[in-house]
Amino acid sequence: MLPGGLLVLGVFIITTLEMGNEFQNTLHRLVFAVEKSMNKKRLWNFTDEEVSERVTLHFCSSTKKIFCRTYDIHNPKSSAKPADWKYQNGLSASWLSLECTVYINIHVPLSTTSVSYTLEKNTKNGLIHWAKQIENSIYLINGQVKDEDCDLLEGQKKSSRGNTQAINHSFDVRVLTQLLLNSDHRSTATVQICSGSVNLKGAVKCRAYIHSNKPKVKDAVQAMKRDILNTVADRCEILFEDLLLNEIPEKKDSEKEFHILPHRVFVPIPGSTVMLCDYKFGDESAEEIRDHFIEMLDHMIQIEDLEIAEEINTACVSSSMNTEASLDNTDDEPSKQPIKTTIVFKIQQNIGVIAAFAVAALAAGISFHYFSD
């Protein structure tokens, strides 16, 4: 539900003071369990500069007092430290939004050695390679490349009080993926015998938020990167869960199966410029999504408040299962000549051997011509 820039900072409990003391060990375990569960799905890692503490809040139902404690998630044996809990006026409205559309075309081969793995695990292993590309991409903010230590609001208009007018300000972000490798970077081709493949294709709408208190460019880029990685991973997880629950049988007459990834839906938080998100499939109605938001937020949501970020068929996943090999074919129509395509694939498998033989033959020819002269 959280877009980029927002994280789960802890858990809370509402009990009497006496019962709250009994639940301290439970809260301690719950904090680390939540963090462990979220780390399994993440395609990114925290930086050393980020705060590693998570919060537990105890609301006393009798005295109405709030008791705040923190735990260091890097140390499972860490003890609770008391902390102050303070309210700040206007904090929820002081957020900047960043939006971008990322066009993805990710091909994930399913090797025969990992055939025992679930489709979700195989896909995540393939997404890890794509995540590195996202991390190393170039990000344009409002069409400009800015230094990462530069102030994000540099050049913005200021009010009479000297404060930057940042409320309701949105930045357009574009992602440029680096295709060419550096001359000093060497890579090797890997040939895999595959039993299938997964292709993720489409346009993904991403959104991140950053607080307007002296924001840096590197913080904005980091929030956008994490939202891109999170939303693609979440959509895959939701789709695989849906396929597992509905037990959709595999197609025997076709090598490919196409499934629509869920679309992203945003809903505003009352009194804040921040919006939370959820996902919906094409056959789900707006009423169902609204009821889901009401259940999660415990707040009345109107259908008019829902913002569907994507149109239908903007992203899909296709799994091509073949007992012999997996063809890197991104066409929408299945091949009508499987024999020829299998031959082409086997040639592609042996392209390294063919290339090596060609180089050896050329070298032998040059040597023969040289010595014959």
### Message
Which residues pass the ring-ring contact (aromatic ring centres under 6.0 Å, His included) test with Tyr139, not counting sequence neighbours?
### Response
none
### Query
Roughly how far, to the nearest 0.5 Å, is the NE2 atom of His211 from the CG atom of Leu6?
11.0 Å
### Hydrophobic cluster of Ile138, others only, ordered by chain and residue number, side-chain cut-off 4.5 Å
Leu140, Val145, Leu176
### Message
Testing the basics here: between Leu96 and Ser212, what is the closest heavy-atom pair and its distance to 0.1 Å?
### Response
CG-CB, 4.1 Å
### Query
Can you check whether Ala33's main-chain N or O pairs, donor with acceptor, with Ser37's side chain at less than 3.5 Å?
no
### Task
Any chance you could lay out the salt bridge (Lys or Arg N to Asp or Glu O under 4.0 Å) test for Lys225 and Glu135, step after step, and finish with the verdict?
CA-CA 7 Å; Lys225 286 181 181 180; Glu135 291 286 351; 3.8 Å; yes
### Query
How close do Cys100 and Val102 get, heavy atom to heavy atom, and via which atoms?
SG-CG2, 3.8 Å
### Task
Kindly compute the distance separating CG (Leu127) from NZ (Lys132), expressed to the nearest 0.5 Å.
13.0 Å
### Message
Check for me, please, whether Met275 and Ile269 land in the same ILVMFWY cluster - side-chain distances under 4.5 Å, paths through other members count.
### Response
yes
### Message
Tell me the closest heavy-atom pair linking Ile294 and Ile301, and the distance in Å.
### Response
CG1-N, 3.7 Å
#### Entry: Sub-4.5 Å side-chain heavy-atom contact between Val221 and Glu148
no
Which atom pairs, donor and acceptor, lie under 3.5 Å between side-chain atoms of residues 50-59 and protein residues at least two apart or in another chain?
{"unit_1": "Glu50", "atom_1": "OE1", "unit_2": "Arg226", "atom_2": "NH1", "d": "3.0"}
{"unit_1": "Glu50", "atom_1": "OE2", "unit_2": "Thr47", "atom_2": "N", "d": "2.9"}
{"unit_1": "Glu50", "atom_1": "OE2", "unit_2": "Thr47", "atom_2": "OG1", "d": "3.2"}
{"unit_1": "Glu50", "atom_1": "OE2", "unit_2": "Arg226", "atom_2": "NH2", "d": "2.6"}
{"unit_1": "Ser52", "atom_1": "OG", "unit_2": "Asp72", "atom_2": "OD1", "d": "2.9"}
{"unit_1": "Arg54", "atom_1": "NE", "unit_2": "Glu35", "atom_2": "OE1", "d": "3.2"}
{"unit_1": "Thr56", "atom_1": "OG1", "unit_2": "Arg69", "atom_2": "O", "d": "3.4"}
{"unit_1": "His58", "atom_1": "NE2", "unit_2": "Thr15", "atom_2": "OG1", "d": "2.9"}
{"unit_1": "His58", "atom_1": "NE2", "unit_2": "Thr16", "atom_2": "O", "d": "3.4"}

### Query
Would Asp151 and Lys216 pass as an ion pair if we require N to O under 4.0 Å?
no
### Query
Does Arg290 reach the main-chain N or O of Ile303 with its side chain, forming a donor-acceptor pair under 3.5 Å?
no
### Task
Establish whether Met19 and Val11 are linked, either directly or via other cluster members, by ILVMFWY side-chain heavy-atom contacts under 4.5 Å.
yes
### Message
Contact between Pro3 and Arg264 at the side-chain level, heavy atoms closer than 4.5 Å - yes or no?
### Response
yes
### Task
Nearest 0.5 Å please: distance from the CZ atom of Arg174 over to the CD atom of Gln144.
12.5 Å
### Summary
The ring-ring contact (aromatic ring centres under 6.0 Å, His included) partners of Tyr71 (sequence neighbours excluded) come to His28
### Query
Does Ile104 reach the side chain of Lys201, with side-chain heavy atoms less than 4.5 Å apart?
no
### Message
The test is side chain to side chain contact (heavy atoms under 4.5 Å, CB included); show your working for Phe266 and Leu306 and say whether it passes.
### Response
CA-CA 6 Å; Phe266 290 95; Leu306 301 179; over 6 Å; no
### Task
Name all pairs fulfilling the side chain to side chain donor-acceptor pair (under 3.5 Å) condition that reach into residues 293-308, sequence neighbours left out, sorted by first residue then second.
Arg207-Glu307
### Query
Does Tyr279 use its side chain to pair, donor to acceptor, with the backbone of Met1 at less than 3.5 Å?
no
### Set of ring-ring contact (aromatic ring centres under 6.0 Å, His included) partners for Phe293, sequence neighbours left out
none
### Message
Is there a side chain to side chain contact (heavy atoms under 4.5 Å, CB included) between Ile228 and Val175? Walk through the geometry before answering.
### Response
CA-CA 10 Å; Ile228 295 173; Val175 182; 4.0 Å; yes
### Separation between CD1 of Ile66 and SG of Cys60, rounded to the nearest 0.5 Å
10.5 Å
### Task
Please name the pair of heavy atoms, one in Ile260 and one in Leu239, separated by the smallest distance, quoted to 0.1 Å.
O-CD1, 4.0 Å
### Query
Who are the side-chain hydrogen bond (donor to acceptor under 3.5 Å, both in side chains) partners of Asp172, not counting sequence neighbours?
none
### Task
Assess the side chains of Lys205 and Thr101: does a donor N or O sit below 3.5 Å from an acceptor N or O?
yes
### Task
For atom CZ of Phe46, decide whether the heavy atoms of other residues, nucleotides or ligands shown that lie under 6.0 angstrom number more than 12.
yes
### Query
What residue pairs, at least two apart or across chains, pass salt bridge (Lys or Arg N to Asp or Glu O under 4.0 Å) with a residue in residues 7-16?
none
## Note on the structure
Heavy-atom nearest pair, Cys206 first then Met224, reads CB-SD, 3.9 Å
### Query
Are Met38 and Leu2 connected in the hydrophobic side-chain network, where two residues link if heavy atoms are under 4.5 Å apart?
yes
### Task
Taking the side chain as every heavy atom from C-beta outward, state whether Val198 and Asn122 have any pair of such atoms under 4.5 Å apart.
no
### Task
Return each pair, listed once, that meets ring pair (Phe, Tyr, Trp, His ring centres under 6.0 Å) where at least one residue sits in residues 220-239; pairs must be two or more places apart or across chains.
none
### In one Ile/Leu/Val/Met/Phe/Trp/Tyr side-chain cluster, 4.5 Å: Val265, Met296
yes
### Query
Checking side chain to side chain contact (heavy atoms under 4.5 Å, CB included) for the pair Leu152/Cys150: CA distance, chi angles, key distance, verdict?
CA-CA 6 Å; Leu152 181 64; Cys150 179; over 6 Å; no
### Connected hydrophobic set around Leu17, excluding itself, where side chains approach under 4.5 Å
Phe67
Extract all donor-acceptor atom pairs below 3.5 Å that involve side chains of residues 280-287 and protein atoms in other chains or at least two apart in sequence.
{"unit_1": "Lys280", "atom_1": "NZ", "unit_2": "Glu284", "atom_2": "O", "d": "3.4"}
{"unit_1": "Glu284", "atom_1": "OE1", "unit_2": "Phe281", "atom_2": "N", "d": "2.7"}
{"unit_1": "Ser285", "atom_1": "OG", "unit_2": "Glu288", "atom_2": "N", "d": "3.4"}
{"unit_1": "Ser285", "atom_1": "OG", "unit_2": "Glu288", "atom_2": "OE1", "d": "3.3"}

### Task
Report yes if the side chains of Val108 and Trp130 come closer than 4.5 Å at any heavy-atom pair, otherwise no.
no
### Greater than 12 external heavy atoms within 6.0 Å of Asn45's CG
no
### Task
Would you indicate whether the side-chain heavy atoms of Ile106 and Asn199 approach each other to under 4.5 Å?
no
### Query
Can you name the nearest heavy-atom pair linking Asp227 to Gly4, along with the distance?
OD1-N, 2.9 Å
### Query
Between Ser78 and Asn75, is there a donor-acceptor pair closer than 3.5 Å when you use the side chain of the first and the backbone of the second?
yes
### Message
Counting only heavy atoms from other residues, nucleotides and ligands, does the tally under 6.0 Å from CZ of Arg42 exceed 12?
### Response
yes
### Task
Give the intermediate values and the outcome of side chain to side chain contact (heavy atoms under 4.5 Å, CB included) for residues Trp95 and Asn213.
CA-CA 9 Å; Trp95 292 85; Asn213 184 19; over 6 Å; no
### Query
Residues two or more places apart in sequence or in another chain: which of them pass ring-ring contact (aromatic ring centres under 6.0 Å, His included) with Tyr103?
none
### Query
Does a side-chain heavy-atom distance below 4.5 Å link Leu261 with Leu200?
yes
### Task
To the nearest 0.5 Å, tell me how far Leu153 CG sits from Phe171 CZ.
5.0 Å
### Task
Taking the side chain as every heavy atom from C-beta outward, state whether Leu276 and Leu297 have any pair of such atoms under 4.5 Å apart.
yes
